[in-house]
Every structure is written in C-alpha cells, then in structure tokens.
Protein chains: 2
Amino acid sequence: MAGRFSNGTTFPTETTLCQQYDVSRFTIREALKRLQAEGLIARKRGSGTVVQPAAARGGALHQPLSNVGEILQYARDSKVAYESKGRGPLPTEVAEQTGEDLAGDWTCFRGVRRHPDRRRAIAVTEAYFHERLDDAVETLDLSAGTLFSQIERSSGVRVGKVTQDIQAIAADADIARDLNLDEGDPVLRILRCYYDPTGTIFEISVSFHPGDRFAYSMHIDVEG
Amino acid sequence: MAGRFSNGTTFPTETTLCQQYDVSRFTIREALKRLQAEGLIARKRGSGTVVQPAAARGGALHQPLSNVGEILQYARDSKVAYESKGRGPLPTEVAEQTGEDLAGDWTCFRGVRRHPDRRRAIAVTEAYFHERLDDAVETLDLSAGTLFSQIERSSGVRVGKVTQDIQAIAADADIARDLNLDEGDPVLRILRCYYDPTGTIFEISVSFHPGDRFAYSMHIDVEG
DNA sequence: CAGTGGTCTAGACCACCGG
DNA sequence: CGGTGGTCTAGACCACTGC
C-alpha cells in the first residue's frame, strides 16, 4: 500500500482495492480506517474517498517518535530535589485513572520544581516506580539528575509506550500549599504511564501545574 | 447495552455477548471498540475484557489522540453550528499568549461541541481567521462541514506548522454557562495556532473543555 | 439510477494467556 | 490445554450521493 496519490485527488474505491490486492472488503476497510484516523484520507458515503490536502495533515509520519521525544525531554528537563515518600501499593486515585494491572508495591518520590529566578513553584511531581525496579531505585541520587534517566541507566529498562492524560482539576489542600495557590484554583494535571516493550507499566508520574503560571505546549511541523 | 458493571471487574466475553444479544461477533466488537476508545474498558488477548475505573471519576470523557493527525482531525471533526462573533483586532488575552505579530483584523466564530452520544457539552470553541482570508470567510457555511476545511478549500491556504498550548484556567461566566459549570470551575484551555509555510499565523482556535468531563489523552508507541 | 461507504452475518484461523 | 481477543473471508442489505 505504498502508492502515491496527489492531494485532493480521489482515492480508489473499496471494491477496486479489494480486487487489486485480492483481499476481503473487511481488510481494506480496516486499512482505510487507519489512514482516516491519521487524517490522510476523508471518506463520505455515496461520494467516495479523497486524499486529504497537505494542509489537512500535520506531518503525521515521523510524529510518534518526536512526540515521545518531547515527553521524555520534558521529563528530563526537571531539576528537582525529590524526597522519598515511602513504598506501598499505588494510591487509589492514581490506580483508578490508569485502569491497568498495577499490583505490587511502588516507591513514591515527590518533588517541587521552581523556576530558577523566581520563588513560586511551577510544578509538583510525584513519581512511582514498580517494585521490580527496586534494585535501581535504591541507588537513586535524589538530588542529581532526573530519576527517570538514572533508573533507565542502572536498570536497563526500555520504554515501549508512553501514555499521557492531561486534565484540568481543582487544587486540593496539599497541592494548593506547594504551588502557593488557593484551594479550588485550577490546576493542570498530567499523568504519564511508562510501559516497557511487553506492555507492562514500570513508572507512573503525576504532575500538577498552576494554571496561571504554566502552559503545556507542543509544536508540530508539517513536512511538505 | 445498559448493564452496570463495577470498576475493575471482568466484562462479559465476546461470545457471551453475541449469544446474549443475538448478534454477530462483528457487531459486538464494533460496540466494544467504542467503549475502548472512550477508555471505559481495556481488553487483552488471552485474558479478557475488564472495566476501566475511568467511569469512577464522574464519567470524564477520554479523548484519545494518538498522533498529530488525530489532533488535527479532532480539531476539525466538530459537528458544530458556529455563530459569527464579528470582526476586529484579536482579543488581548489571545494575542498575549501567542507572542507573534498578530496585526490586522480577525473574524471570530464561536460554537459549542457535544459528544454524539451524550448531551452535555464537551467543548466551547472559538476560531479566529485573519483578514487576508476574508474572501474565503465570507463564503463560509456555518452549519455545514468544518470551518477549517472550508477555508482550506476556498482559499487554498496551506498549513506549515501547528502549535498547541494547553492550560488550566477558571471558567468565566460565558464558559460556565455553555459548559454547564459554575464560574471558577477548572477548565482545560487548548489554544492552537495555524501557521502557513512562510511562518505567518492565519488561524487561531481556542477550545475550552470541562475539567470534570474531559481528559486530553495521548498514546504514543515507540517503534522498535 | 448505479455506485459509494456504513453496517452486519456466519463462519474461520491465529497469537496469546490462564490454569 | 481451552478460552480469550485480533484478524480475516465472502457474502449481504442499507443510506446516501452523484448523475
């Protein structure tokens, strides 16, 4: 399925593709669904399938990698002195949001990040590491570098997938205190799950950012 | 499909549901795909289907966006009846955050988006088009298709870059009314700037999402 | 009207997971 | 090993679009 089609031109119909590749209509439709999800084609019943103009897509091809890069980059950017908050099962409010199998104990670290020049905090971050990383966790230097990169180096764990959930919530008492806000003030909450290549979560991080001082921004370049 | 299941419990298997509702496996799978896309269930080959605790948090809707294509897709997916809010310079709160040269007049449209299956609104969107697109803007059909795609077609403008800023803010009176919230409630604000290939912004959109009903989520796979 | 994509049936084989 | 979900076939009927 490597044919090149120009922008705005019509795309072959389902029946055409079925004959051309000698597969069933189901298979063709599954493939077209993916193209549609990526914004590469648009379909309309009765009309047909058309190739989306370049303007309609955002460099969808090399995007996944750059996105992961951005996320990890962001995680590495923090220069925070963490403190250990102990070890145990995952807090229910975190476990509920992920909805995965999160059995076992997790070691929790919590840190407040501040802007170098200013006093006010930019973020409160909590990081949870699964017990199978305990060996690496014990050697952590809480004041040097980022926890993730240390874990990555000393345990050899690799990232297979990252999920990220961004939500606006009201600050609770703890968050309000650390971020110098009032309870109930809007806060950006970013929950990240780091999966290894087998699909098992090995790290979870939750960051809270003050709404008035922080914006999560992404830049997407469109190729050709 | 109105059965109630608790969080974390196992969900009926596909074959069970097929017999129970006397439909084919295809139909069941299509239905389950929707539940999965909303983050309500998680499925694993060999294991089964489990209910996601996502339902526990007030029915917050997961908006899964796995790549940039989907982000743009989602931006123009809206089936919203927009209304024109007039023409003039950009509001200061919008202009300030972009930090670009935004001289000239902009035509503003505003619409409320609802999830197809649900009644409550999940977004208020404001779109601003630069005056150099005025010819295309005047031919806009506010109830048919999406504004962006219409502009794209009639003006021939191309996207060179998209930036996206995500922030948590407190709902003002207007937003609170449209989203069925109280003033001051946390709201997710997504500001997108669309640049042409020369680096000039030609469209800006601002979306407001209710914090309790909407989570911006991205899933990113790392390739080999 | 003929052709499109959307939905659905009734099968089939497979990779994976649990006991 | 049996059962799960993932993938696929070869049909079918429908709503919608364009001519």
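Letters A, B, ... mirror the listed sequences (proteins, then strands); counts begin at 1.
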- prompt: Of Arg25(B) and Thr16(A), whose nearest nucleotide on DNA chain C comes first from the 5' end?
  reply: Thr16(A)
query: What's the shortest heavy-atom distance between Leu188(A) and Leu188(B), and which atoms?
result: CD1-CD1, 3.3 Å
statement: Taken in chain and number order and not counting sequence neighbours, the residues that satisfy salt bridge (Lys or Arg N to Asp or Glu O under 4.0 Å) with Glu126(B) are Arg110(B)
query: If you find the nucleotide of DNA chain D closest to Thr27(A) and the one closest to Lys44(A), which residue's nucleotide is nearer the 5' end?
result: Thr27(A)
- request: For DNA chain D, note the earliest and the latest nucleotide, 5' to 3', having some atom under 4.0 Å of a heavy atom belonging to chain A.
  value: dC8(D) to dG18(D)
Contact under 4.0 Å: Thr49(A) side-chain N or O vs dT4(C) OP1/OP2: no
query: Among all residues two or more places apart in sequence or in another chain, which pass the side chain to side chain donor-acceptor pair (under 3.5 Å) test with Thr16(A)?
result: Thr13(A)
Residue closer to the 5' end of DNA chain D, Phe26(B) versus Ser47(B) (nearest nucleotide): Ser47(B)
message: Before you tell me yes or no, could you show the steps for Phe208(A) and Asp174(A) under side-chain contact (heavy atoms from CB on, under 4.5 Å), namely the whole-Å CA-CA distance, both residues' side-chain angles and the distance that decides it to 0.1 Å?
response: CA-CA 11 Å; Phe208(A) 302 91; Asp174(A) 288 340; over 6 Å; no
Parallel, tilted or perpendicular, as decided by the 30° and 60° cut-offs, for the rings of Phe129(B) and Phe109(B): perpendicular
field: Test item: Phe11(B) and Leu32(B) side chains (from C-beta on) under 4.5 Å apart, heavy atoms
entry: yes
